[in-house]
Amino acid sequence: MTEMLKIDKLNKTFAAPTGDVIALNNIQLQVKKGEFITIIGPSGCGKSTLLKIVAGLDTDYTGAVVLNGKPVDGPSIEKGFIFQEPRLFPWLTVEKNIAANLSLKDPTTRTRVTELIELVRLTGFEKSYPRELSGGMAQRVAIARALLRNPDVLLLDEPFGALDAFTRAHLQEVLLDIWQTNRTTMLFVTHDLDEAVFLGQRVIIMNPRPGHIRSVQPIDLPFPRKRSSSSFQELRHKVLSEFEKVEEPTIDVGAGI
Amino acid sequence: MQVGIEKSVVTPLIKKKSRVKNRGLSIQVSNALLSILLPVILLIVWEGAGALGKLNPILLPRPSTIMQEFVSLTASGELAMHLGVSAWRALLGFLLGGGLGLAAGIWVGFSYKTERLLDPSLQMLRTLPHLAIAPLFILWFGFGEASKILLIAKGCFFPLYVNTFLGIRSVDGKLFDVGRVLQFSQWQMITKLIIPASLPNIFLGIRLSIGVAWLGLVVAEMMGSSTGIGFLINDARSFSLTSVVFVGIIVFAIVGKLSDSLVKLIERRMLRWQDSYKGEGSS
């Protein structure tokens, strides 16, 4: 399979009054087309910064970020981005939020929007306004909005972090469903250990001060995965022990189900 | 599966909505009654005191006398003529001043440089009272329509300018990132994000502007005019026809309220998506 995303010698510093802070230190990462990557680390390890750089929302860095052979120099629809909050337009209905700057009068868009609403299991809520939706439903609208643009890669920045455990588990399954149907490359940032192991084919483990990749753990478990299986628990333990080697394991261990 | 959990959360909401619709009429009626309660009590007391001879009819004519005056002015067509002239002036002034205010608000809202350039000067002009400016306008433009419309426009400019500016500046910055990620063009950022997001403020500006238009109208029409409700009031005052003054005031109140209600109706239709606190005891 071909490398779709290449990150080479990526460094990022933030200017602070007390001197420069290194946010990302020499990040090397290659992602294959259709791969599901999860990135896990404690807060302050630079995982969200890394995602913003790949999205093109932050262009102030050194090193190379290359997507499909082209260096990333700004946001574009090839890189779908799901924020931690749904960030829907409150004045638009669900279907218009998904369409956003595309017209629903266009028959192709119309059909795709209807398909996507079905895919994220929101049929019946097309005409609802965001204020009428629960947090989980709103996040599914955001996912549909990103998918409508047929992104090559979907970047997810702790998308289920603010949801309750049941909704989160449900959305993880929805996301896997989407991934298996569309084969969209996924880059999923989380601070939840179970989530990282449950979703990722590879778990990128990051550590702070300065933000760097500590290790990469392949998860060779077939989908659908069982959280209770011994092989799952074994891999989960392996990832966890990576964090216990460092001084402050501030990772959120019990958040998943 | 878990879809069921979320659905069960949503269905009671929908049920509640339809129930509210059934009760809607009675709530509307009781709300309407509540809002006219105070004026009705006042009118009864006023009429009663007048009938008992406790009030000087020159200073405070009885409501029934004012009503008779209202009927006779309407019947002669005089009232409609004055109202027509006034409404036309207010409309032109509002369109001119409000339109410019909206445009200036959008322009200044978008660019920090323009803000530094224009806003301080505009804020200085904002506080100038109508009565201070009016003599200047009359000197420049004479007693004709131009000075009146410009005076109204001056009043209408600022509420729309200030609120449009404020609305644009308070658009949630996080939504801009969404626009960037979805590759909104510059034009789409304005039409799909900034304008809809600042619409609540723009509507507030429109409502305030319309109120100010009526305010400026009276000043304009009292400074030398031979038509309009403002003239009607001023003319009646010099002949101590207090009941006519009252008719003029009532017409202003009614038209002002009607125009405000119209904008509110449009506002409610366009801002249906808003989810805000409506006060205790509302439906």
Residues A/Lys79 and A/Ser76: side-chain donor-acceptor under 3.5 angstrom:
yes
Among B/Leu199, B/Leu175, B/Thr191, residue most engaged with chain A (heavy-atom pairs, under 4.5 Å):
B/Leu175
Sequence neighbours left out, cut at 3.5 Å: what donor-acceptor pairs do the side chains of residues 156-165 of chain B make with other protein atoms?
{"residue": "B/Tyr161", "atom": "OH", "partner": "B/Asp119", "partner atom": "OD1", "Å": "2.5"}
{"residue": "B/Asn163", "atom": "ND2", "partner": "B/Pro159", "partner atom": "O", "Å": "2.8"}
{"residue": "B/Thr164", "atom": "OG1", "partner": "B/Leu160", "partner atom": "O", "Å": "2.6"}

Which portion of A/Arg87 sits near chain B, non-hydrogen atoms under 4.5 angstrom:
both
Using a strict cut-off of less than 4.0 Å between a Lys/Arg side-chain nitrogen and an Asp/Glu carboxylate oxygen, indicate whether B/Glu115 and B/Arg169 qualify as a salt bridge.
yes
For A/Gln172, enumerate each residue passing the side chain to side chain donor-acceptor pair (under 3.5 Å) test, keeping only those at least two apart in sequence or located in another chain.
A/Glu195, A/Arg227
Relative to chain B, which segment of A/Leu88 carries a heavy atom at a distance below 4.5 Å: side chain, backbone, both, or neither?
backbone
Give, as side chain, backbone, both or neither, the part of A/Ala100 having an atom under 4.5 angstrom from any heavy atom of chain B.
both
